[in-house]
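Here the structure is laid out as C-alpha cells; the discussion comes afterwards.
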Number of protein chains: 2
Amino acid sequence: MESQEIEKLLLSKGVKPTPQRMVIAEFLIHTHSHPTAEEVLEEVSTKLPCALSRATVYNTLNSLVQAGVIQEVFTEPGKTRYDANISDHHHFVDVKSGKILDIPGDMVPKLQEQLGAKFKVHSYQITFYGELNEQ
Amino acid sequence: MESQEIEKLLLSKGVKPTPQRMVIAEFLIHTHSHPTAEEVLEEVSTKLPCALSRATVYNTLNSLVQAGVIQEVFTEPGKTRYDANISDHHHFVDVKSGKILDIPGDMVPKLQEQLGAKFKVHSYQITFYGELNEQ
DNA sequence: TACATATTTAGAATAAGTCTAAACTGAGAC
DNA sequence: GTCTCAGTTTAGACTTATTCTAAATATGTA
Ligand SMILES: [Mn+2]
Ligand SMILES: [Mn+2]
Ligand SMILES: [Zn+2]
Ligand SMILES: [Zn+2]
C-alpha cells in the first residue's frame with residue numbers, strides 16, 4: 001500500500017495522519033509479523049529522524065484499534081500483538097519458532113450460528129497452536 | 001469432587017498435595033468463574049488458617065498447569081485466567097458482564113483437520129465475544 | 001536426631017501498559 | 001505575521017501482573 005493510500009485510510013477513519021501515526025501505520029501495514037508495542041517502537045524509531053516515545057506508540061496503537069484500522073491479537077499471556085490485517089481471519093502459532101501466521105476465515109467453517117439462541121456472538125477468534133510441516 | 005479425589009488427582013499427576021496446593025486446586029475445581037491468580041489468592045487466603053503468599057499462588061498455578069490439572073485461558077490482554085475444566089471446550093465472553101462461560105467442544109465443529117497438510121495442529125482455542133440473550 | 005530436599009514466604013525485581021504535566025505543533029482568527 | 005487554542009508528543013513517574021531471590025519452614029529418610 002502506498003503512503004498516500006495509508007494517509008487516506010487514516011483520514012477516512014477519523015485519525016489525523018501525523019508523522020508518528022503514519023510511520024507506525026505504514027510499518028504495521030507492511031509487516032506480517034504481528035508485532036508487540038515494544039517491537040513497533042524498536043522498528044519504527046530507527047526509521048524516524050527524531051525520537052519516538054513509548055507513550056506515543058501505545059497511544060497510536062490504541063487509536064488505530066479504536067478506529068478499526070488494526071486489531072489486537074492475544075495468543076500468549078502478558079503480551080498484546082497488533083495486526084493490520086483486519087479481514088476475517090484467525091491465527092496459527094508455530095510453537096517451535098513462535099511465529100504467528102494468518103489463517104483466512106474461509107479455511108475454517110463459520111461459527112457465528114453454532115451456539116444457538118442463548119448466545120449472541122459479536123465476534124470470535126480462533127488460535128491454533130502447532131507446527132508447520134515441511135514444505 | 002471430594003477432597004480425597006482431588007488428592008489422588010494431584011498424586012496421579014506427580015504434584016505433591018500440600019495444604020496450599022490442595023486448597024487452591026479445590027477452589028479451582030469447585031468454581032466455574034475462570035479466576036485470575038489475584039482472585040485465587042483473595043478467595044483462598046480467607047479459607048486458610050495461615051497466610052498464603054502471592055508467590056505460592058503463582059507457583060502452584062504454574063505447577064498445576066504444567067501437570068495438566070488446570071489450563072490457562074487468555075481472553076483479554078494482561079491477565080491470565082485459570083480453568084480446572086480441561087475437557088475439550090472453548091470460551092464465551094459476555095462483553096456486558098465480563099463473565100466467561102464454557103462452550104463444550106461438541107457445540108462447534110472439529111477444526112483439527114481443517115488446515116490441510118501445511119499445518120500440524122496440536123490444539124486450538126476459540127474465544128467468542130458477545131452477549132447472553134435473555135432467558 | 002540429623003541431614004537433605006522440597007516448599008513456602010516476604011519482599012525485591014521485572015516487564016507491559018497507563019497516566020501526567022509540560023512542551024510542541026499546526027490550523028485558523030485577527 | 002502574530003496570537004490563540006486544541007490536539008499531539010514527550011519523558012518519566014506510576015500501576016499492575018508476574019517472576020525472582022534468599023531466607024525460613026516443613027517433610028522424609030537414615
Ligand atoms: Mn497479509
Ligand atoms: Mn463445570
Ligand atoms: Zn493476523
Ligand atoms: Zn473454561
Side-chain angles (χ1 to χ4, degrees), chain A residues 7 10-11 13-28 34-67 69-83 98 100, chain B residues 7 10-11 13-28 34-67 69-83 98 100:
Chain A
E7 189 168 340
L10 296 200
L11 286 169
K13 302 281 188 160
V15 178
K16 190 198 271 195
T18 65
Q20 289 88 344
R21 287 169 181 174
M22 278 298 292
V23 71
I24 290 171
E26 285 182 26
F27 169 64
L28 285 171
H34 302 88
T36 61
E38 202 61 34
E39 286 163 358
V40 171
L41 177 58
E42 277 169 40
E43 288 296 321
V44 157
S45 59
T46 65
K47 294 175 188 155
L48 223 54
C50 50
L52 176 65
S53 79
R54 192 175 312 280
T56 296
V57 171
Y58 278 100
N59 288 343
T60 297
L61 291 171
N62 288 336
S63 299
L64 293 176
V65 168
Q66 192 78 19
V69 176
I70 64 174
Q71 64 165 325
E72 296 176 306
V73 175
F74 316 130
T75 55
E76 64 200 301
K79 269 177 189 160
T80 302
R81 297 181 170 277
Y82 296 89
D83 191 351
I100 299 170
Chain B
E7 189 169 341
L10 295 199
L11 286 168
K13 302 280 189 161
V15 178
K16 191 198 272 196
T18 65
Q20 289 87 346
R21 286 168 182 174
M22 279 297 292
V23 71
I24 290 170
E26 284 182 28
F27 169 64
L28 286 170
H34 303 87
T36 63
E38 201 60 33
E39 286 163 358
V40 171
L41 176 58
E42 276 169 41
E43 286 297 321
V44 158
S45 59
T46 66
K47 293 174 190 159
L48 224 53
C50 51
L52 175 65
S53 79
R54 193 175 312 281
T56 295
V57 172
Y58 278 99
N59 288 342
T60 297
L61 291 170
N62 289 335
S63 300
L64 294 176
V65 169
Q66 193 78 20
V69 177
I70 64 173
Q71 65 166 324
E72 296 176 304
V73 174
F74 314 130
T75 54
E76 64 201 298
K79 269 178 189 160
T80 302
R81 296 180 172 277
Y82 296 89
D83 191 352
I100 298 170

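Residue numbering restarts at 1 for every chain, and letters A, B, ... go by the order of the sequence lines.
- Atom CG of B/Leu28 and atom OH of B/Tyr82 lie 9.5 Å apart (nearest 0.5 Å).
- Closest heavy-atom contact between A/Glu7 and A/Pro17: CG-CG, 3.8 Å.
- As a whole-Å value, the separation of B/Leu61 CG from C/dT8 C1' is 15 Å.
- Nearest approach of B/Ala67 to B/Val15, heavy atoms of both residues: CB-CG2, 3.5 Å.
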Original post:
Run the salt bridge (Lys or Arg N to Asp or Glu O under 4.0 Å) check on B/Glu38 and B/Lys79 step by step: do they pass?
Top reply: CA-CA 10 Å; B/Glu38 201 60 33; B/Lys79 269 178 189 160; over 6 Å; no
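- With hydrogens and angles disregarded, no donor-acceptor distance shorter than 3.5 Å links the side chain of B/Thr60 to the backbone of B/Val57.
- Across the protein-nucleic acid pair, A/Gln66 atom CD and D/dT8 atom P stand 13 Å apart, rounded to whole Å.
- OP1 or OP2 of D/dT9 sits under 4.0 Å from a side-chain N or O of A/Thr18.
- Without hydrogens or angle criteria, A/Thr56 side chain to A/Leu52 main chain gives no donor-acceptor distance under 3.5 Å.
- Atom CG of B/Leu41 and atom P of C/dT9 are 10 Å apart (whole Å).
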Original post:
In B/S/- notation, 5' to 3', how is nucleotides 11-30 of chain D contacted by protein heavy atoms closer than 4.0 Å?
Top reply: BB----SBBB----------
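- As a whole-Å value, the separation of B/Met22 CE from C/dT7 C1' is 16 Å.
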